[in-house]
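All residue numbers refer to positions in the sequence shown, counting from 1. Whatever order the structure lists them in is the order used to number ligands and atoms, beginning at 1.
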Amino acid sequence: MPTKKQTPNNYILIIFDSCRYDAFIRAAPKTIRKLGKVEKRWSYASWTAPSHYNFLMGLMPHRSPKHVYASEYYKKEFLKFNERLGVDDFEFKSLVPKLYLPHFLRDKMGYHTHAKVSLPVLNPRTVINQGFDSFKLMEKHNDMRAMVRELKFYKNKPSFYILNVGETHYPYALPDEPPNEWPRISGVHGVFKHLDDQVVGGKLVKQKQEKFFDDKKLRQLKKRQIDAVRYLDNVVEELFDAVPENTYITITADHGELFGEEGYFGHGPIMHEKVFEVPFVEGKLR
Ligand SMILES: [Zn+2]
């Protein structure tokens with residue numbers, strides 16, 4: 001029997017910037033887990049910009065599958081958008097030729113498309129701004145609650161949001177923590193306008209005058225990221241209360257973070273498995 005064509009789901013893709021998998025698991029977020037089983041997945045890139053481009057092509061962090069061709073894996077992964085959007089005819093070629101999700105959702109599916117980002121490296125003047133009705137760099141780099149308050153949904157027109165959330169990014173500060181209490185890296189005091197320029201990461205090199213993080217400091221930093229996830233779990237609860245019924249939500253990270261393993265801190269120019277390990281969970285609440 002033919003069924004009445006329903007409005008597609010609202011779709012919200014939430015990126016906890018720099019949140020590594022084990023920090024997420026240690027935080028044991030109760031609300032977020034209502035979406036489904038938390039998987040360990042791997043980011044395609046070790047830092048923010050390429051990783052977000054990948055998301056916007058429709059490719060979520062991967063499962064590192066063995067004995068399959070990449071093209072087969074992509075095809076299968078793209079079919080998941082049928083569940084996310086609540087449609088039945090989405091496939092990889094739906095994105096041709098631009099291969100860009102915001103264009104597809106806005107121009108072919110009639111979505112409102114919005115990006116709210118925390119990290120200046122994704123600012124609205126960058127080329128990833130394509131296909132969005134609005135693209136906003138938030139006032140503070142660490143206030144997901146401010147994003148949740150700005151979300152709007154409509155009855156007959158679905159919305160797509162990508163939210164790049166900064167609380168989990170260095171310095172892992174919650175919005176009410178005064179900047180003068182944030183942990184500091186030598187040489188980059190107070191430079192948060194250009195967060196990713198300055199603090200992408202790298203190998204900790206001991207220099208004569210500059211003292212880099214010691215083990216105790218690195219443990220504190222990791223704990224701060226775990227605490228940030230716990231805090232975000234409460235903000236996600238507010239989000240769950242705010243979204244309409246037909247809303248599908250994905251929560252993941254753009255890359256992990258190093259907290260001193262093998263001499264590395266941060267993310268970016270790092271070849272270490274912890275910089276690729278990310279949490280991945282998605283589903284529809286009701
Ligand atoms: Zn990032």
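Nearest N/O/S atom of Asp17 with respect to the Zn ion (ligand 1) is recorded as OD1. Atom OD2 is the N, O or S atom of Asp254 at the shortest distance from the Zn ion (ligand 1).
Inclusion of Ser51 in the first shell of the Zn ion (ligand 1) is not supported: no N, O or S atom falls under 2.8 Å. The Zn ion (ligand 1) has an N, O or S atom of His255 inside 2.8 Å of it.
Classified by interplanar angle (parallel below 30°, tilted 30° to 60°, perpendicular above 60°), the ring pair His141/Trp182 is perpendicular.
Of all non-hydrogen atoms in Phe104 and Ser94, the two that sit nearest each other are CD1-O, 3.3 Å.
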Mind listing the side-chain donor-acceptor pairs of residues 268-276 below 3.5 Å, one per line with the distance, residues two or more places apart or on another chain?
unit_1 : atom_1 : unit_2 : atom_2 : d
His272 : ND1    : Lys274 : N      : 3.1
His272 : NE2    : Glu262 : OE2    : 3.4
Lys274 : NZ     : Glu277 : OE1    : 3.1

Pairs under 3.5 angstrom only: tabulate donor-acceptor contacts from the side chains of residues 130-139 to other protein residues two or more places apart or in another chain.
unit_1 : atom_1 : unit_2 : atom_2 : d
Asp133 : OD2    : Thr113 : N      : 2.9
Ser134 : OG     : His114 : ND1    : 2.6
Lys136 : NZ     : Glu150 : OE1    : 3.4
Lys136 : NZ     : Glu150 : OE2    : 2.6

